[in-house]
Amino acid sequence: MPEIQDYEKRSPESVDIKRRLQRIDIFAVVASLISLLCALVTLFPALASLSGGEFSDSRRSLLASMLIVYIAYIIFAFILIHRRMHRRRRYRMRISLTGRPRVGKTGFSVLLYYIISSSPPEDVEFSGETDNIIKMFRMLKGFDLGDWPVETSADGVSVVKGELSRHTKYSGSSIYEISIADTAGENWASLEETSSSERPYLTLVASSDALVHVVSVPELRSGKSGLVDDVSDLEMAAKLISNSRRGAKSAIPLLVVFSKFDGEAVRHSSDCGALFRVFDRTQIVQEREIKDEDIVSYVNNFSERLSSEFVIRYTVSSALQARNQQLSSDLVKWLMLSAE
């Protein structure tokens with residue numbers, strides 16, 4: 001199991017201060033641009049007047065002093081804007097996978113890492129640890145051969161890491177540190193009966209920046225969706241995270257994954273186009289981006305019960321189809337947006 005210290009939570013005070021500074025920075029840049037335009041509009045008529053002979057020496061001196069102030073401010077505004085265009089920002093996104101036993105958490109952790117590494121948006125680059133990349137490709141090859149990952153042991157946690165970087169012309173560069181932690185489903189099946197001292201992985205969950213909750217579509221079909229247990233477990237996880245980020249007011253990012261969406265589990269062929277795309281409740285329940293009634297019903301009930309604790313998004317996943325189609329970059333965008 002990885003060192004829990006490696007997952008020490010950022011203090012909520014530092015998170016709130018960082019967000020305040022970001023808002024102040026944006027306001028300062030906008031104000032500087034407006035002031036800069038006003039200064040330029042005023043500067044040219046002033047220069048023209050200064051070159052004329054209709055002013056007294058004292059008036060000319062005052063006007064010259066004003067021009068010096070204008071020029072100094074213009075230089076300052078240019079420096080501020082240049083600094084913003086070349087600054088570097090670093091974000092961290094630590095994800096814990098939750099869900100009942102054998103719903104496909106380990107498989108999706110591999111798929112998520114694969115998508116992050118192979119299908120980032122056009123302006124985003126990925127770099128990862130060599131061992132993680134090799135491990136991921138071996139497991140993907142196993143999926144193609146029907147060789148599924150061994151279940152995560154009840155006292156173990158599997159963690160993979162990577163880094164996304166994006167550089168934009170006007171906003172500088174952003175670095176996103178990503179880590180994905182997969183825990184055993186047995187832990188979640190008995191979450192309410194477990195104390196953090198008995199299960200140190202709960203400390204890891206408490207330090208998470210976001211959760212990914214996996215639900216098996218075949219179980220939905222059989223009537224074993226476990227909606228009540230899912231809600232109960234995630235309410236407990238939300239309490240753990242909220243306690244560790246005391247003072248931070250933002251809701252917790254949560255991605256619900258409908259896994260094993262292939263073969264007989266697919267009732268509407270058009271739903272295959274939704275694989276690995278990210279939707280909110282409205283897009284699924286009202287706009288019917290996904291037509292599957294079991295999924296729609298689950299989303300509707302799930303959102304009603306947990307929308308106060310989480311910012312919830314949904315996706316459908318298939319380990320068998322991941323290598324057979326052009327993958328959406330929605331999951332990468334969700335990660336980056338949630339990290340910010």
Side-chain angles (χ1 to χ4, degrees), residues 2 6-7 88-99 104-150 152 157-168 173-183 204 208-214 253-262 272-279 313-340:
D6 184 46
Y7 288 85
R88 296 187 64 186
R89 292 166 294 182
R90 183 169 289 273
Y91 302 98
R92 186 195 68 186
M93 188 62 163
R94 289 177 172 172
I95 301 168
S96 289
L97 272 74
T98 66
K105 294 187 299 301
T106 302
F108 184 73
S109 69
V110 175
L111 292 175
L112 181 57
Y113 194 81
Y114 171 60
I115 292 170
I116 293 171
S117 62
S118 63
S119 301
E122 290 184 4
D123 59 343
V124 177
E125 295 181 353
F126 172 83
S127 60
E129 298 176 359
T130 301
D131 290 345
N132 287 335
I133 294 174
I134 293 174
K135 175 183 175 182
M136 179 266 295
F137 274 104
R138 283 178 175 171
M139 296 181 81
L140 281 172
K141 185 177 180 180
F143 292 168
D144 296 338
L145 300 173
D147 183 13
W148 302 106
V150 178
T152 306
V157 175
S158 173
V159 180
V160 291
K161 298 180 180 181
E163 191 172 274
L164 295 165
S165 59
R166 176 176 61 187
H167 180 79
T168 57
S173 60
S174 299
I175 307 297
Y176 301 83
E177 299 174 7
I178 308 296
S179 62
I180 304 167
D182 174 32
T183 61
L204 183 148
S208 298
D209 300 298
L211 297 178
V212 171
H213 187 72
V214 183
L254 169 64
L255 179 70
V256 178
V257 178
F258 295 100
S259 66
K260 306 181 182 181
F261 193 69
D262 46 50
C272 293
L275 281 170
F276 305 110
R277 292 172 58 199
V278 175
F279 304 98
R313 296 293 183 267
Y314 301 89
T315 190
V316 290
S317 166
S318 168
L320 296 177
Q321 298 298 321
R323 309 247 291 195
N324 300 329
Q325 65 174 40
Q326 182 71 32
L327 295 175
S328 167
S329 61
D330 277 10
L331 286 169
V332 184
K333 293 176 182 177
W334 172 79
L335 282 170
M336 296 166 64
L337 183 62
S338 300
E340 296 174 356

Donor-acceptor pairs are to be reported for all side-chain atoms of residues 121-131 against protein atoms at under 3.5 Å, with residues two or more places apart or in another chain.
| from | atom 1 | to | atom 2 | distance (Å) |
| --- | --- | --- | --- | --- |
| Glu129 | OE1 | Asn132 | ND2 | 3.3 |

Closest non-hydrogen contact found for Lys105 with Gly99 is NZ-O, 3.2 Å
Residues that Tyr176 engages under ring-ring contact (aromatic ring centres under 6.0 Å, His included), provided they are two or more places apart | Tyr91
ring-ring contact (aromatic ring centres under 6.0 Å, His included) partners of Phe143, counting only residues at least two apart = Trp148
For His213 and Thr98, which heavy atoms make the closest approach, and how far apart are they?
-> ND1-OG1, 2.7 Å
When you check the side-chain N and O atoms of Arg89 and Ser174, is any donor under 3.5 Å from an acceptor?
-> yes
Parallel under 30°, tilted from 30 to 60°, perpendicular over 60°: which one fits the rings of Tyr114 and Phe137?
-> perpendicular
Where do Ile116 and Ile180 land on the side-chain contact (heavy atoms from CB on, under 4.5 Å) test, with the steps shown first?
-> CA-CA 11 Å; Ile116 293 171; Ile180 304 167; 4.1 Å; yes
Over all heavy atoms of both residues, which pair between Thr106 and Ser109 is shortest? Give the atoms and the distance, please.
-> O-OG, 2.6 Å
Derivation and outcome, side-chain contact (heavy atoms from CB on, under 4.5 Å), residues Ser317 and Phe108 = CA-CA 8 Å; Ser317 166; Phe108 184 73; 3.5 Å; yes
From Leu275 CG over to Gln326 CD, what is the distance, rounded to the nearest 0.5 angstrom?
-> 13.0 Å
Phe276 meets the ring-ring contact (aromatic ring centres under 6.0 Å, His included) criterion, sequence neighbours left out, with none
Are Leu335 and Ile95 close enough, and set up right, to give a side-chain contact (heavy atoms from CB on, under 4.5 Å), and what steps lead you there?
-> CA-CA 9 Å; Leu335 282 170; Ile95 301 168; 3.0 Å; yes
For Ser318, enumerate each residue passing the side chain to side chain donor-acceptor pair (under 3.5 Å) test, keeping only those at least two apart in sequence or located in another chain.
-> Asp262
Go through the steps to decide whether Glu177 and Arg90 satisfy the test salt bridge (Lys or Arg N to Asp or Glu O under 4.0 Å), and finish with yes or no.
-> CA-CA 8 Å; Glu177 299 174 7; Arg90 183 169 289 273; 2.8 Å; yes
Would you indicate whether the side-chain heavy atoms of Ile133 and Ser117 approach each other to under 4.5 Å?
-> no
How long is the gap from CD1 on Ile175 to OG on Ser165, to the nearest 0.5 Å?
-> 4.5 Å
Acceptor/donor pairs from residues 327-334 side chains to any protein atom, 3.5 angstrom cut, sequence neighbours excluded:
| from | atom 1 | to | atom 2 | distance (Å) |
| --- | --- | --- | --- | --- |
| Ser328 | OG | Asp330 | N | 3.0 |
| Ser328 | OG | Asp330 | OD1 | 3.2 |
| Asp330 | OD2 | Val278 | N | 3.0 |
| Trp334 | NE1 | Ser338 | OG | 3.4 |

Partner of Val212 by side-chain contact (heavy atoms from CB on, under 4.5 Å), out of Leu254, Leu255, Asp182 = Leu255
Going from CD1 on Ile115 to CE on Met136, what distance comes out if it is rounded to the nearest 0.5 angstrom?
-> 10.5 Å
Step by step, would you call Met336 with Leu164 a side-chain contact (heavy atoms from CB on, under 4.5 Å)?
-> CA-CA 8 Å; Met336 296 166 64; Leu164 295 165; 4.1 Å; yes
Arg166 meets the salt bridge (charged side-chain N to carboxylate O under 4.0 Å, His left out) criterion, sequence neighbours left out, with Glu340
Shortest non-hydrogen pair, Val110 vs Met139, comes out as CG2-SD, 3.4 Å
Could you tell me whether the side chain of Tyr113 and the main chain of Lys161 form a donor-acceptor pair under 3.5 Å?
-> yes
